[in-house]
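Take this structure first; my questions come after.
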Amino acid sequence: MPFLELKSLVRNFGGLKAVNGFSLNLEEGSLNALVGPNGCGKSTLFNLITGVLKPDAGRVIFKGQDITGWPPHSIARLGIGRKFQVPAIFDELTVRENLIVAGKRSNTLPLIPEILQQIRLVELADALAGELAHGQKQWLEIGILLAQAPSLILLDEPTAGMTSLETRATADLILNINQKRNITVLVIEHDMGFIEYLGCPLHVMSKGKILKSGDFATIREDAEVKALYFGQSREPADA
Amino acid sequence: MRNSLIGIIVFGCLAVSPAFIGDYWTGQLSAYLVYGLLAISLSLVWGYGGILCFGQAMFFGIGGYIMAVFTKGMIYPDLTSSYLGLLAAMAGSAMFALALGFFLFAGRGISGAYLAIITLAIALVLERLMNNWYALGGYNGLLNVPPLKLVAFGLSYELWDKLPTFYIILGIVAAVFFAVTLLVNTSYGLLLTAIRTHPDRLSSLGYSVLNLRLSVFSLSAAIAGLAGALFVTLDGFASPTLIGFTLSTEALIWVAIGGKEMLLAAFLGAIFTRTAESWLSEIFGDYWILILGIAFMVSVVLLPKGLLATPFERLTRRKRVRPSSPAIAPSPPDPPSPPSGPD
């Protein structure tokens with residue numbers, strides 16, 4: 001039984017099919033990356049999994065339980081954490097208070113010192129989250145996810161706006177979360193170097209569904225993916 | 001807790017004030033304390049909960065009418081206990097808020113200006129309703145509401161005199177103030193700040209945003225209902241003006257001038273504005289409204305945190321660490337760094 005099972009998800013916005021028959025199975029403890037051009041439906045897909053949006057068709061099955069159409073907070077309580085594309089943290093609370101709010105429900109308050117260390121914000125624990133640098137905000141949000149003690153995390157562009165050094169450290173953090181804590185991870189990214197570094201299975205999304213799946217080396221050489229990314233279209237584009 | 005210390009000083013000053021201000025002003029101050037309680041309720045829901053309720057007087061009015069109906073014996077002639085009246089006023093307001101809140105916050109929820117307009121409209125509708133509800137006195141309201149009656153150990157005492165009334169009201173207001181102050185300093189207060197800054201993040205952490213909003217909305221309504229109930233025992237009558245537009249906007253102005261994000265500032269905002277109104281309207285007549293308007297604009301434009309809250313915050317500011325160093329220094333991926341912060 002797959003850990004997370006997405007079955008032919010469909011979501012329309014007016015005439016636009018943002019997600020159009022998307023299917024994917026994730027195994028427990030796996031790390032997977034999802035790439036695709038802007039507007040291909042990646043963030044909408046996350047919204048469908050986390051209950052922010054309801055799918056027009058298709059099912060979301062988590063640990064064998066059908067959670068399609070559940071409200072976001074009920075889905076979160078099952079242990080699904082989500083990092084938003086724009087850092088979603090509580091600006092008016094301190095770094096530590098952010099983690100307290102995140103960890104209160106799952107009784108992970110004793111883990112907060114360890115999490116602070118892991119996200120490298122020990123010295124800034126009492127700083128207002130809104131005053132952090134952009135990269136630090138991204139890290140704090142990952143820390144918030146850890147405090148939530150999830151079994152599955154969905155990361156939407158965790159390295160957006162980061163320096164290459166920060167990106168590298170973020171990749172190490174994600175690998176650490178996946179391997180040491182055995183948390184299943186699905187990450188959306190644009191940065192191919194980052195994905196290569198993660199060394200995980202890669203799924204290319206286009207027009208609301210999966211175009212290709214495979215490891216990084218295979219995908220990189222794939223003609224269709226090249227066409228998608230570099231516009232060397234072999235068939236007439238139907239945009 | 002320097003914040004609570006200032007609160008204790010303020011309530012201490014209020015407690016000794018009748019010795020200096022005389023009988024008339026003691027009576028006035030009792031009413032201002034009740035307005036202060038309404039301001040506390042609005043500060044809780046608006047400044048802490050992030051719900052801009054433009055019709056806060058509706059809960060005040062509902063509480064007032066329930067108290068009047070109860071203590072006048074209009075429900076059961078033998079059951080005119082002030083205690084029951086106060087409890088029923090709080091419960092009635094809270095339940096009305098719960099029902100109203102469900103429609104406002106369920107689903108995607110209404111927020112911001114839309115919420116303000118809808119709550120204002122509901123307050124107007126209720127004011128209109130009370131004006132035409134003849135069983136409850138219609139336009140004239142309910143007259144001859146008895147004062148608070150304290151019953152304990154078989155003794156009964158009606159609060160006709162100004163001084164004992166003042167102290168009972170002060171005691172109730174202080175108790176509510178310190179209780180709410182304690183509450184917003186618990187993790188519930190953190191959740192309120194969190195819901196105000198990023199509700200989507202909070203729900204994706206497993207919190208029900210609807211339940212949280214309903215809890216703060218009805219708690220605030222219960223406090224406003226208590227204030228309304230106390231008010232009718234002071235004034236002796238409940239009228240449609242308690243429930244509607246004018247008092248709602250006045251309360252909003254007190255809280256904005258004082259400072260919505262600080263209970264004490266909002267409370268004092270109500271008392272100062274009311275006191276200033278009494279003095280200045282004698283000197284300037286109707287032009288007093290201009291002065292109030294200017295104060296309101298100064299507060300909104302120059303000191304959006306409030307005329308009183310800004311200096312208070314200077315006094316009680318927590319020392320914060322400001323992030324200045326770059327996020328990540330060049331270092332191996334997993335440095336065996338010892339914990340360096342006090343945890």
Side-chain angles (χ1 to χ4, degrees), chain A residues 50-52 71-78 80-82 84 88-94 96-98 100-102 104-106 112-114 116-117 120-136 138-139 141 144 147-148 162-163 165-166 168-169 171-173 175-176, chain B residues 47-50 105-109 184-214 261 305 313 317-343:
Chain A
T50 54
V52 175
H73 66 269
S74 305
I75 291 178
R77 284 177 195 180
L78 294 176
I80 298 184
R82 186 230 182 128
F84 291 80
I89 53 175
F90 305 115
D91 283 346
E92 291 178 30
L93 297 178
T94 65
R96 192 193 310 278
E97 286 168 341
N98 266 275
I100 291 173
V101 167
K104 204 168 86 78
R105 280 200 60 83
S106 34
I112 287 179
E114 188 192 324
L116 280 172
Q117 210 175 330
R120 308 185 184 201
L121 290 175
V122 174
E123 284 84 10
L124 294 172
D126 294 310
L128 274 184
E131 291 175 351
L132 296 178
H134 183 79
Q136 292 171 325
Q138 298 273 45
W139 277 53
E141 194 175 7
I144 286 176
Q148 192 190 347
M162 283 188 175
T163 63
L165 211 56
E166 289 172 327
R168 175 72 170 265
D172 287 323
L173 178 61
L175 287 171
N176 179 292
Chain B
Y48 289 81
F105 308 132
R108 293 293 294 164
V184 297
N185 279 310
T186 62
S187 55
Y188 182 74
L190 286 186
L191 289 182
L192 290 184
T193 311
I195 207 173
R196 201 175 62 220
T197 38
H198 213 308
D200 289 342
R201 165 42 80 205
L202 201 59
S203 72
S204 72
L205 289 173
Y207 293 94
S208 164
V209 169
L210 172 66
N211 288 354
L212 260 173
R213 288 213 168 114
L214 284 179
E261 282 143 35
K305 291 209 149 192
E313 223 162 52
R317 179 173 295 170
R318 268 193 287 174
K319 239 185 148 179
R320 289 197 189 280
V321 191
R322 290 198 163 255
S324 51
S325 54
I328 291 158
S331 61
D334 256 323
S337 60
S340 44
D343 288 305

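Within every chain, numbering begins at 1; the chains are lettered A, B, ... in the order of the sequence lines, protein sequences first and strands thereafter. Atom set for the values below is all heavy atoms of this structure, side chains included, hydrogens, waters and symmetry mates excluded.
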Legend entry - Straight-line distance of A:Glu92 CD to B:Thr193 OG1, nearest 0.5 Å: 6.5 Å
Legend entry - Interatomic spacing from CZ in A:Arg105 to CG in B:Leu191 - rounded to 0.5 Å: 10.0 Å
Legend entry - Partner residues of B:Arg201 under the salt bridge (Lys or Arg N to Asp or Glu O under 4.0 Å) criterion, sequence neighbours left out: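 Here the qualifying residues are A:Glu141.
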Legend entry - Student check: side-chain heavy atoms of B:Tyr207 and A:Val101 closer than 4.5 Å: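 Yes, at least one pair of side-chain atoms sits under 4.5 Å.
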Inset, instruction - Under 4.5 Å heavy-atom distance to chain A, tell me which part of B:Leu210 shows up: side chain, backbone, both or neither. - result: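 Looking at B:Leu210, nothing touches chain A.
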Legend entry - Considering all heavy atoms, the nearest B:Ser204-A:Ala76 contact: O-CB, 3.3 Å
Legend entry - With sequence neighbours excluded, residues passing ring pair (Phe, Tyr, Trp, His ring centres under 6.0 Å) with A:Phe84: none
Legend entry - chain B contact via A:Ile144 - side chain, backbone, both or neither, heavy atoms under 4.5 Å: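 Both backbone and side chain.
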Legend entry - Sub-4.5 Å side-chain heavy-atom contact between B:Thr197 and A:Leu93: no
Legend entry - Considering all heavy atoms, the nearest A:Gln148-B:Leu205 contact: OE1-CD2, 3.5 Å
Inset, instruction - Name the member of B:Ile195, B:Leu202, B:Val209 that forms the most heavy-atom pairs with chain A at distances under 4.5 Å. - result: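 Result: the option with the highest number of such pairs is B:Leu202.
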Legend entry - Contact summary for A:Arg77 and B:Ser208, nearest pair of heavy atoms: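 Distance-wise, the nearest heavy atoms are NH2-N, 3.8 Å.
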Legend entry - Residue among A:His134, A:Arg82, A:Lys104 with most heavy-atom pairs under 4.5 Å to chain B: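 Option with the greatest count: A:Lys104.
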Inset, instruction - Tell me, for A:Ile89 versus chain B, whether the close heavy atoms (under 4.5 Å) come from the side chain, the backbone, both or neither. - result: backbone
